[in-house]
Each structure stands twice: as structure tokens, then as C-alpha cells.
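Indexing begins at 1, ligand by ligand and atom by atom, following the structure's order. Worth saying up front: this structure is predicted, and the values here are computed from it rather than measured.
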Amino acid sequence: MRYCRFRLNDKTLYGAVEDRNGEFWISHLIDAPEEDLAFRIEHGGPTPDAPHFKPLPLAEAELLAPVTPSKIVCVGRNYSDHAKELGNDVPAEPLLFFKPTSSLLAPGGTVKMPAVSERIDFEGELALVIGKRATKIHPGIHPGEDWLSYIRGFTLANDVTARDLQKTDGQWTRAKGFDTFCPVGPFISDEIDPHAGVTLETRVNGELRQHGSTADFIFSIPELLVYITAAITLEPGDLILTGTPSGVGPLAAGDRVEVSVSGLGTLSNPFEK
Ligand code: MG
């Protein structure tokens, strides 16, 4: 299952995404996931009238962020090499923070660099999309509660960070939370294997800057789900950003950042003042 969210003829739509000889296409329209109530209001019901939809290349679609989460939970310092590059200790427990949903940005959308920051960094990350309500889960403890059953799929994110404000503010709300600081997409897929190490790469203006494997996570996905849901109920559509590998760095206006994982496509966003 792969799907995206996009605009066509002034309507918000969801489409199934197919790999056609190495190129992603939107093959047909699908119903919206349960959490997208705005979709039902816009369309007056659950299913778009779609008999005349013509398949189109994903690259030609006006993509939107593929999720409408109630919250975005982020994990800091989940790769030891990244913790070290910023001079931090490897954490003994997951380090959690939120990004506001107002920071969401579509694939291809422009990240606006706020004038109050002098150092804005990219952080390429694998993101999880929650598929059903998850509260105080204990994978392996309750029979049938397989942690994968809570995950609808995976996508890509850029945890854009005002690095200077992250230090001077004392907490991270503003540094991580500016409008446009959470590009997500281009689509959601459950067709990658999280048990295997997933290779994540980030390029700036085409130059490889991050090359990490989720095999190097300090805290695994089930450990993160147990830790997060012990405190916070996750709802369908909620996003979890799983942390960034080493190689983060500052950006200048005019730069373009591309985050990619095989099978998840490429999330590409320009940065401008
Ligand atoms: Mg991060």
C-alpha cells in the first residue's frame, strides 16, 4: 500500500501510488483515512467521485503533506553518531519533543528561513504514521499486540531546526516549530521492511550529506512506541519522527534539501529567506 495526498482542480484528493518501471505514478483515487475530517466536509462524504481520474506521474502532481496528524512527536538524538557530532551524550532514555502541526509543509514547498535565526539546519529523518489508536502498548506482552499493527506506514521528513535558538531558548519549541519547519512526504508506504536496516540519505544541492541506517537507532521502533505511548496516546495519522543520523549542517537561502529512502521516494524542498 502506497498513497499520497494532492490537489487537483481545486479539490483535495488521495491517490494510490504505483511504481511503474522505477517512476512513481498516481494510479487511482482512494478514500481518505479516518482522521481527515476536512476531506469529508469538502467532499460531502467518504468517497470521491473518481471515474474520470486519469493516472498521472507523481512528479507532476500538486502534492500536499500526506498526513493530517493531531500531533507530531519527534525523537532527538536517536543515532549515537549524531549525538556525538553536536557534543551531546548518548541518551539513556528516548528524548521526546513536539513539532506543531502548523509547521507541516508539502513536498516541494518552500521552507521560509526566519530572520531571527542565524543558523538553520536540515535533519533528514524516517517518519512513522500511526494507523490505530495506541495507548500504553506493550509489544510482546499482550498477545496479538504486534507493534507493527499500530503503524500504517512510513514516510520521509525534514526536522528543520534553528540550531542557535535551540541552544539559547533553553527548550526547543520555537527552534523546531517555525511555520514550514516540517516538510513531510512525498507519500506513505508500508512496503519497506523496518526490521532490516533502512538506509536514509540527505543531499544538499545534490551533494550527499547524511548517509545513515536505521540499524543504528539507539532506540528501536517498538521501544519508541512503548516509551511514547506510556505517556501520550497516539491517534491515527499521528507522525513520529525517528531522529536524524550524523551529517547535519547549516543552510543558506537558495539551498535545496532532498531526503530519500529506497521505496519511499525523495522529499525535496527549497529554502528561502
Ligand atoms: Mg531531529
- Item | Shortest-distance N/O/S atom, D159 versus the Mg ion (ligand 1) | OD2
- Task: Report yes or no: does N269 contribute a side-chain atom to a donor-acceptor pair with the main-chain N or O of G109 at less than 3.5 Å?
- Result: yes
- Query: Are any side-chain N or O atoms of T266 and backbone N or O atoms of S268, one a donor and one an acceptor, separated by less than 3.5 Å?
  - Reply: no
- Message: For the Mg ion (ligand 1), give me the closest N/O/S atom belonging to E123, just the atom name.
- Response: OE1
- Test applied, side chain to side chain contact (heavy atoms under 4.5 Å, CB included); reference residue, K71; option that passes from T101, I232, I130: I232
- Query: What is the name of the N/O/S atom in E125 that sits closest to the Mg ion (ligand 1)?
  - Reply: OE2
- Donor-acceptor pair, side chain of S103 and main chain of K99, under 3.5 angstrom: no
